Protein chains: 2
Amino acid sequence: METTVKNKQVILRNYVEGTPKESDLMIVTASDIMELKVKPGSGAMLVKNLYLSCDPYIGILMREPTPSTSALLDAFVPGKPIYGFGVSKVIASDNPGFAEGDFVHGIVDWEEYRIIKATGSGRFTKIDINIDVPLTYYTGILGMPGLTAYGGFFEICSPKKGETVFVSAASGAVGQLVGQFAKLMGCYVVGSAGSKQKVDLLLNKFGFDDAFNYKEEPDFDSALKRCFPKGIDIYFENVGGKMLDAVLLNMRTSGRISVCGMISQYHLETRDLVQNLPDIMFKRIRMQGFACYEFNDQKPKFLEFVLSNIKEDKLTYVEDIVEGLENGPAALVGLLHGRNVGKQVIKVSRE
Amino acid sequence: METTVKNKQVILRNYVEGTPKESDLMIVTASDIMELKVKPGSGAMLVKNLYLSCDPYIGILMREPTPSTSALLDAFVPGKPIYGFGVSKVIASDNPGFAEGDFVHGIVDWEEYRIIKATGSGRFTKIDINIDVPLTYYTGILGMPGLTAYGGFFEICSPKKGETVFVSAASGAVGQLVGQFAKLMGCYVVGSAGSKQKVDLLLNKFGFDDAFNYKEEPDFDSALKRCFPKGIDIYFENVGGKMLDAVLLNMRTSGRISVCGMISQYHLETRDLVQNLPDIMFKRIRMQGFACYEFNDQKPKFLEFVLSNIKEDKLTYVEDIVEGLENGPAALVGLLHGRNVGKQVIKVSRE
């Protein structure tokens with residue numbers, strides 16, 4: 001095993017206008033040599049990043065912050081590495097809470113190694129390796145996207161058996177779970193996605209009742225009317241814009257819209273014209289934004305629910321894993337264009 | 001007293017495109033003679049309409065129905081009278097529940113007289129004349145607009161003392177009450193309205209902390225930033241469109257938007273571009289449409305609250321009363337253009 005390295009990082013060049021491009025990020029190898037150990041008595045630990053999570057909000061944080069986006073999370077700093085959720089391995093530790101060989105998940109910079117001071121270790125949660133799931137799951141089904149799907153669906157949407165549920169970006173990290181959760185609840189579930197392959201996944205892997213490729217639908221309203229002749233009770237919103245507009249027309253009275261994201265709109269100079277907002281009043285719709293940390297107190301219940309359903313083969317999770325930190329920027333940009341199939345993960349290093 | 005009349009009605013000519021005009025309605029006097037009595041043994045009663053309520057939703061019901069607007073209420077029928085809330089006097093009755101001389105409020109056609117069959121009397125509520133308020137109040141503060149303001153503010157917005165509240169169309173039938181309710185709760189309240197006279201009312205009659213004339217604000221975002229340097233916790237939405245867009249930018253985290261109406265948008269061919277919908281996600285905003293009948297079970301609590309505050313001079317109500325059924329169309333069109341000052345009522349007949 002190596003004892004020294006030159007750390008590699010993914011750095012934001014400058015705030016981005018329009019949709020982020022690969023060239024907005026750069027891979028930088030440190031000129032300094034880093035020793036793979038921690039000072040005795042320091043209370044620090046050294047982590048090696050194994051997996052990084054690609055999520056749409058990362059694109060928002062690459063833009064110049066506004067009061068609106070700052071309410072979500074602090075923007076990245078140009079010249080510094082971007083950060084997000086990740087899974088890491090502790091390779092040296094003077095921290096009594098973590099031992100060499102432990103696996104942890106939490107917020108990490110997009111880089112290979114990092115010395116974590118004692119005061120910074122609170123952002124990591126130790127992974128129980130007796131739970132028989134891939135480590136990548138802690139960036140997805142067992143991590144932020146999982147809790148997002150769980151709270152965003154069960155808490156925000158108050159689903160009832162027999163209700164109709166529409167999920168956009170339905171094969172993504174969150175959408176595939178919302179669809180499966182809704183099926184477990186006894187709902188009628190339809191998803192939209194951007195390719196035939198994804199639509200096939202929805203129908204054949206995740207058990208959606210129906211699905212359509214939005215890129216092949218000239219008229220979203222017609223597509224929704226075909227799939228929901230009696231209307232939509234619950235919309236799990238991931239995309240915004242024209243799709244939201246068509247959904248509003250097709251919502252039923254007392255419908256609920258859980259606003260998880262509006263990925264089609266973040267990087268546009270002029271956003272889509274959404275004409276049907278008065279439907280919120282006509283049909284007494286509740287439309288609600290949320291953040292997964294609102295549901296932190298439900299984590300134990302969430303984990304039990306997800307893990308027991310995984311064990312009984314009632315829940316599955318599709319990941320799209322790209323190898324190598326240097327391929328991170330392309331994976332992120334690909335995600336923003338919908339080129340991923342399932343949860344996009346970057347594998348930084350072998351376990 | 002007359003014993004026979006020729007009934008006069010306000011008839012919808014045809015479904016309307018664009019903003020309703022006076023010529024979309026016509027005043028028709030029946031050719032038949034109506035006897036002002038009811039058949040013994042019929043269980044019917046004869047009511048004479050005293051006051052009719054002008055409300056923005058009436059404009060929606062004059063348009064060709066869509067699945068969206070039908071979810072709200074059934075559209076009017078061309079060639080037939082329009083209808084809405086009203087206060088009437090029972091002038092003859094064979095119905096054991098109502099006596100000659102009773103005052104009632106409920107849903108009535110825009111006309112002078114109507115024989116109400118026994119089966120139709122359920123849509124009327126008897127007025128307790130021992131309650132010392134003008135009869136017109138049953139079309140406003142004690143009627144639909146009152147319950148709308150009460151439920152839409154206290155239930156939908158979950159206000160807390162010290163929160164900031166913005167009300168658009170703030171001197172209207174509902175807005176003037178929401179502002180006063182919010183002040184009673186200990187909130188900081190700002191209203192927008194469309195004239196200096198209305199702004200003066202907000203500040204000097206209803207006790208708003210601040211107010212602005214939206215017609216004199218080239219930039220709603222700046223106006224809101226001036227009035228709410230720390231942002232808006234609660235928005236009581238009556239207008240929609242550009243105002244909603246500016247409000248979204250100025251909402252605080254976990255803000256609530258009660259969608260009572262979007263009057264600026266109903267009659268446009270192309271609605272305003274609302275660009276800031278992603279703020280619903282960024283700031284975890286809850287935006288909720290509602291209808292006042294959702295709060296029917298709270299009517300006793302609502303009436304007690306309102307009546308006790310009226311009695312203690314802590315609540316006031318401004319009405320704009322026009323005389324004569326024949327002036328009803330102009331009053332309604334005026335309302336849709338914001339020409340009313342306070343709750344718009346049509347006085348059909350002397351009590």
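Computed over heavy atoms, backbone and side chain alike; hydrogens, waters and symmetry mates excluded. Chain identifiers are assigned alphabetically (A, B, ...) following the order of the sequence lines, protein sequences preceding nucleic acid strands; residue numbering begins at 1 within each chain. Since the model is a prediction, treat every value here as computed from it, not as a measurement.
Applying side-chain contact (heavy atoms from CB on, under 4.5 Å) to B/V189 and the options B/D209, B/I234, B/V178, B/T164 leaves one that passes, B/D209.
A donor-acceptor contact shorter than 3.5 Å links the side chain of A/R256 to the backbone of A/S158.
Of the listed residues (A/G240, A/G231, A/A291, A/S70), the greatest number of heavy-atom pairs within a distance under 4.5 Å of chain B belongs to A/A291. Between chain A and the residues B/I60, B/L73, B/T66, B/I156, the largest count of heavy-atom pairs under 4.5 Å involves B/I60. Between chain B and the residues A/L249, A/T253, A/T270, the most heavy-atom pairs under 4.5 angstrom are made by A/T270. Looking only at heavy-atom pairs under 4.5 Å with chain B, the residue among A/N250, A/D272, A/D279, A/L277 that has the most is A/L277.
Looking at A/Q275, the atoms closer than 4.5 Å to chain B (heavy atoms on both sides) sit in the backbone and in the side chain alike. Contacts between A/I285 and chain B at a heavy-atom distance below 4.5 Å involve the backbone alone (N, CA, C, O). For B/S254, no part lies under 4.5 angstrom from a heavy atom of chain A. Neither the backbone nor the side chain of B/L268 has a heavy atom closer than 4.5 Å to any heavy atom of chain A. When heavy atoms are compared at a cutoff of 4.5 Å, A/I257 does not approach chain B at all. Of the two parts of A/E237, neither the backbone nor the side chain holds a non-hydrogen atom closer than 4.5 Å to a non-hydrogen atom of chain B. Proximity to chain B is absent for every atom of A/Y57, based on heavy atoms less than 4.5 angstrom apart. Heavy atoms closer than 4.5 Å to chain B are found in both the backbone and the side chain of A/T69.
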Query raised in the report: What do the steps show when you test A/Y188 against A/F228 for side-chain contact (heavy atoms from CB on, under 4.5 Å), and what is the final call?
Result: CA-CA 9 Å; A/Y188 179 83; A/F228 295 101; 4.2 Å; yes

Query raised in the report: Given the rule in the ring pair (Phe, Tyr, Trp, His ring centres under 6.0 Å) test, do B/F166 and B/F236 qualify, once you have shown the distances and angles that lead to the verdict?
Result: CA-CA 6 Å; B/F166 178 54; B/F236 197 94; over 10 Å; no

Query raised in the report: Yes or no on salt bridge (Lys or Arg N to Asp or Glu O under 4.0 Å) for A/D55 and A/K343, after CA distance, side-chain angles and deciding distance?
Result: CA-CA 9 Å; A/D55 299 287; A/K343 166 68 193 173; 2.9 Å; yes

Query raised in the report: Would B/K242 and B/D245 count as a salt bridge (Lys or Arg N to Asp or Glu O under 4.0 Å) if you check the C-alpha gap in whole Å, the side-chain angles of each, and the deciding distance to 0.1 Å?
Result: CA-CA 5 Å; B/K242 288 184 180 71; B/D245 209 22; over 6 Å; no

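Ring pair B/F220/B/Y214 is perpendicular by interplanar angle, where above 60° counts as perpendicular and below 30° as parallel.
Note: B/F302 and B/Y150 meet the aromatic proximity criterion, with ring centroids under 6.0 Å apart.
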